[in-house]
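Protein chains get the first letters and strands the later ones, always in sequence-line order, with residue 1 at the start of each.
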Protein chains: 2
Amino acid sequence: MGNVTIKDIASKAQVSAGTVDRVLHNRGRVSEKVKEKVLKVIKDLNYEPNLMARALVSNKIYNIAALIPDYQVDSYWFAPKQGIEKAEKDLQQYRVVVDQYVFNPYDVNSYIEKAQELTASNPSGILLSPIFYRETLPFFEKWKKNNIPFVLFNTDIIEHHPLSYIGQDSYQSGFLAGRLTEYGQADPCTILIAHIDEEISNAAHLMKKEQGFRNFFIQNNLVDKYNIIRTELNRNNFAEFTKQLDSLIENTPDLKSIFITTSKAYEIAAYLEHRHIRHIKIIGYDLLPKNIQFLNKGAINFLINQNPRGQGYWGIHYLAKHLVFKKEVPLLKYLPLDIVTKENLNYFTAEEETIYSE
Amino acid sequence: MGNVTIKDIASKAQVSAGTVDRVLHNRGRVSEKVKEKVLKVIKDLNYEPNLMARALVSNKIYNIAALIPDYQVDSYWFAPKQGIEKAEKDLQQYRVVVDQYVFNPYDVNSYIEKAQELTASNPSGILLSPIFYRETLPFFEKWKKNNIPFVLFNTDIIEHHPLSYIGQDSYQSGFLAGRLTEYGQADPCTILIAHIDEEISNAAHLMKKEQGFRNFFIQNNLVDKYNIIRTELNRNNFAEFTKQLDSLIENTPDLKSIFITTSKAYEIAAYLEHRHIRHIKIIGYDLLPKNIQFLNKGAINFLINQNPRGQGYWGIHYLAKHLVFKKEVPLLKYLPLDIVTKENLNYFTAEEETIYSE
DNA sequence: AAAATATTTGTGTTCGAACACATTATATTT
DNA sequence: AAATATAATGTGTTCGAACACAAATATTTT
């Protein structure tokens with residue numbers, strides 16, 4: 001098992017290795033009779049191609065292009081970049097090279113420009129986070145026409161037949177946040193859902209999180225117990241941001257818990273610290289350094305880690321799986337919703353391990 | 001980078017490929033002068049052997065032996081077995097074969113017998129959970145003498161120079177359980193640490209968990225707020241088990257939380273359900289089907305997943321990394337402490353993905 | 001029926017590393 | 001100095017799959 005070779009098949013089917021090869025790859029023409037005979041033997045012997053030999057001989061270089069936001073503009077994107085580079089290193093052996101096309105997440109034109117550059121380079125595969133939805137559509141068309149597989153991550157659009165989407169179940173993560181909030185609040189109180197958003201493109205995401213969060217309380221018959229309110233904050237204007245929060249706090253004396261749908265929980269934590277408020281629990285997203293800092297201080301209670309590094313890593317891996325190993329990849333991969341506290345934090349910030357396989 | 005071959009080195013160093021090969025493997029004799037010259041070129045060109053070519057030509061079969069408890073006796077061991085089989089499947093390409101030697105975890109003699117069988121088979125590498133410490137020592141000696149690398153998992157003994165230890169940080173997991181308990185109890189109350197143990201061999205483990213748990217409250221100045229008590233229960237005698245719990249519940253009216261240090265949280269959950277007690281929160285370990293059942297019902301609040309499947313998986317992978325790829329593996333690998341609730345459960349029970357790399 | 005063309009099948013080289021074996025250079029013995 | 005031993009280096013085959021090319025059939029055209 002597992003060590004049947006093309007020659008074995010050839011001899012058993014009484015043909016040459018070349019013919020078996022043609023049958024395997026639908027290359028050249030093979031008579032129906034022979035083809036069926038060979039296919040039967042392949043099936044009977046349970047043939048599995050030796051991927052090492054295959055990779056060795058097909059001396060192709062697979063250049064994957066990654067279209068990603070500049071982490072210097074939004075540090076959230078540092079983790080995917082890391083994941084991408086990790087995967088590249090792991091796959092170097094298989095002649096996989098990743099070119100990064102970095103754009104400014106606040107500048108549509110930069111996005112388009114880089115997407116064009118990327119397309120012009122005619123890569124074997126593409127990984128991207130399509131944060132500008134509308135602008136991405138024409139590229140999807142082009143890539144499909146050129147038979148270039150693309151994998152999406154972070155932003156869930158699966159309508160356009162990517163090779164795969166890798167990301168998070170936003171709704172479920174909100175639902176989970178609901179559980180964590182409820183678990184920490186034995187008594188009735190007010191709970192705030194805060195969207196601290198800078199780009200409209202995230203809106204769909206955030207709404208799903210809010211929905212999941214609210215539905216947790218509905219499904220568990222807790223709507224009478226808790227008063228759930230919402231707000232949208234803009235931290236570009238710091239004075240305004242503070243003012244908004246001040247009035248919220250003042251008008252909501254029984255506010256005990258805040259769920260921040262973006263990775264900006266640290267903004268709220270910093271505000272509360274500044275105002276010396278300690279009785280409000282905070283649940284947020286993502287292991288940004290600033291979030292981690294407040295998590296360690298105890299100012300943030302939980303962070304839901306959506307594994308942005310894993311997203312980059314798996315994105316590249318899936319492309320390689322498809323291109324190099326010609327194996328099927330799942331259309332949808334949801335990464336685990338990790339609940340992170342101060343106490344188990346270091347397991348999620350540590351480097352992942354390289355795996356050798358198949 | 002990454003595509004320098006032996007021939008490249010040979011031509012640059014003005015020797016033959018055979019000589020380069022001898023230098024690389026310290027095989028045969030090579031004059032000092034030539035050796036140095038070749039080594040310099042290897043370094044200069046930053047040569048990295050092509051693992052595919054290597055694996056292809058070295059037609060060795062690596063038979064790894066796994067000494068594991070029978071999951072039919074204790075279902076905890078089903079997950080490591082799964083992980084082992086997953087890894088075997090992933091590594092099949094590299095001619096890695098895993099033989100499982102299954103013993104009865106309640107029978108030392110069965111353990112010894114299987115360990116002897118395993119040793120007699122003269123495997124290339126060994127994976128084991130040394131749950132009978134004393135009895136394992138002589139085998140360690142033998143294996144070391146025969147240069148057979150062994151990887152330990154689940155039970156933390158690193159004194160005897162295994163290739164690697166893969167497991168969990170028991171202390172830290174107890175500490176984490178402390179956090180989760182405290183987070184769910186705003187008001188002073190009594191907290192119970194319950195050891196439901198059947199084997200002495202686990203004692204060290206369980207004590208570390210208890211220590212971690214207690215230290216959480218000490219370090220956070222919470223000892224005055226909570227009354228922490230402990231008990232050791234034996235579920236072999238069901239009547240006795242129930243009686244003990246009955247008296248505990250009766251004598252501790254403000255008992256609000258139970259931390260079970262073993263994977264037997266479901267026993268307590270079942271008891272509480274039977275007695276119609278709903279106000280006591282439960283934190284336990286491991287995603288056994290019975291635990292999952294109570295987690296889904298809401299009777300168990302959190303399960304800490306110590307990733308037993310991952311332990312088996314990584315154990316085999318590390319051995320392969322060492323044997324097949326001749327790469328260094330970390331002496332110690334702690335797997336993440338996953339916090340599992342009903343809401344994120346399915347991400348941890350799902351099959352892991354196969355990875356292709358290096 | 002012979003020639004031309006199309007279809008089917010077989011052979012040989014390649015990828016990079018490992019290792020057996022052959023060959024050459026150097027040292028030691030007689 | 002010749003014979004022999006030993007050390008140093010080179011050559012060629014192997015692993016399994018892919019693909020170019022060559023050869024052998026079969027089919028069509030003249």
Side-chain angles (χ1 to χ4, degrees), chain A residues 1-39 41-42 45-62 92-96 323-327 358, chain B residues 1-39 41-42 45-62 92-96 323-327 358:
Chain A
M1 189 167 158
N3 31 24
V4 178
T5 74
I6 282 189
K7 277 186 192 167
D8 296 335
I9 295 166
S11 73
K12 197 142 214 159
Q14 302 180 70
V15 293
S16 73
T19 302
V20 175
D21 180 65
R22 270 179 290 264
V23 172
L24 280 168
H25 296 89
N26 287 308
R27 171 179 16 255
R29 281 143 297 201
V30 182
S31 71
E32 246 347 277
K33 258 189 299 180
V34 173
K35 186 174 177 178
E36 270 177 38
K37 189 168 60 175
V38 171
L39 279 174
V41 175
I42 288 173
L45 295 186
N46 195 17
Y47 169 76
E48 294 256 347
N50 184 317
L51 299 177
M52 295 173 293
R54 173 178 288 177
L56 186 61
V57 71
S58 97
N59 229 342
K60 269 182 242 165
I61 289 173
Y62 299 94
Q92 194 203 42
Q93 282 289 332
Y94 296 103
R95 301 188 176 79
V96 172
L323 292 168
V324 183
F325 302 107
K326 288 158 181 73
K327 295 235 172 174
E358 249 173 283
Chain B
M1 192 166 159
N3 31 23
V4 178
T5 75
I6 282 188
K7 277 185 192 169
D8 295 335
I9 295 165
S11 72
K12 195 142 215 160
Q14 304 182 68
V15 294
S16 72
T19 301
V20 176
D21 180 65
R22 271 180 289 264
V23 172
L24 279 169
H25 297 89
N26 287 308
R27 171 179 18 255
R29 279 143 298 202
V30 181
S31 72
E32 250 339 284
K33 261 190 297 180
V34 173
K35 186 173 176 178
E36 271 176 37
K37 187 169 62 176
V38 171
L39 280 173
V41 175
I42 288 173
L45 296 186
N46 196 16
Y47 169 75
E48 293 256 348
N50 184 316
L51 298 178
M52 295 174 293
R54 173 180 287 176
L56 186 62
V57 70
S58 97
N59 230 340
K60 268 183 240 165
I61 288 172
Y62 298 93
Q92 194 203 42
Q93 283 288 333
Y94 295 103
R95 300 190 176 81
V96 172
L323 293 168
V324 183
F325 302 107
K326 288 158 182 76
K327 295 234 174 178
E358 254 174 281

A.B. asks: Could I get the full list of side-chain hydrogen bond (donor to acceptor under 3.5 Å, both in side chains) partners for A:Arg54, not counting sequence neighbours?
C.D. replies: none

A.B. asks: Under the side-chain contact (heavy atoms from CB on, under 4.5 Å) rule, collect the residues that match up with A:Ala17, sequence neighbours excluded.
C.D. replies: A:Ile6

A.B. asks: Specify the angle, to 10°, made by the local axes at the two ends of the helix from C:dA1-D:dT30 to C:dT30-D:dA1 when five pairs are taken at each end.
C.D. replies: 60°

A.B. asks: Quick test of your reading: applying salt bridge (charged side-chain N to carboxylate O under 4.0 Å, His left out), list the pairs with at least one residue in residues 11-28 of chain A, sequence neighbours left out, ordered by first then second residue.
C.D. replies: A:Asp21-A:Arg27

A.B. asks: Need to verify one output field. Residue with the more 5' nearest nucleotide on DNA chain C, A:Arg29 or A:Ala53?
C.D. replies: A:Arg29

A.B. asks: Under 4.0 Å between any heavy atoms, over every strand shown, what does B:Val30 touch: base, sugar-phosphate, or nothing? Just pick one.
C.D. replies: sugar-phosphate

A.B. asks: Who pairs with B:Ala10 by side-chain contact (heavy atoms from CB on, under 4.5 Å), at least two apart in sequence or on another chain?
C.D. replies: B:Val20

A.B. asks: List for me each residue that meets side-chain hydrogen bond (donor to acceptor under 3.5 Å, both in side chains) alongside B:Ser16, sequence neighbours excluded, and say none if there are none.
C.D. replies: B:Thr19

A.B. asks: Can you find a heavy atom in the side chain of A:Glu48 that is under 4.5 Å from one in the side chain of A:Val4?
C.D. replies: no

A.B. asks: When you measure from the side chain of A:Arg95 to the backbone N and O of A:Val324, does any donor-acceptor pair fall under 3.5 Å?
C.D. replies: no

A.B. asks: Within residues 12-25 of chain B, find the residues that approach DNA chain C with a heavy atom at under 4.0 Å, and present them sorted by residue number.
C.D. replies: B:Asp21, B:His25

A.B. asks: Any salt bridge (charged side-chain N to carboxylate O under 4.0 Å, His left out) involving residues 28-38 of chain A? Give me the pairs, sequence neighbours left out, ordered by first then second residue.
C.D. replies: none

A.B. asks: Taking heavy atoms of chain B and a 4.0 Å limit, find me the 5'-most and 3'-most nucleotide of DNA chain D within that range.
C.D. replies: D:dA7 to D:dG16

A.B. asks: Rounded to the Å, how far apart are A:Ile6 CD1 and C:dG10 P?
C.D. replies: 14 Å

A.B. asks: Report which part of the nucleic acid A:Ser58 touches: base, sugar-phosphate, or nothing (heavy-atom distance under 4.0 Å, all strands).
C.D. replies: nothing

A.B. asks: When you look at NZ of A:Lys326, are more than 12 heavy atoms from neighbouring residues, nucleotides or ligands closer to it than 6.0 Å?
C.D. replies: yes

A.B. asks: Any non-hydrogen side-chain atom of B:Asn50 less than 4.5 Å from a side-chain atom of B:Thr5?
C.D. replies: no

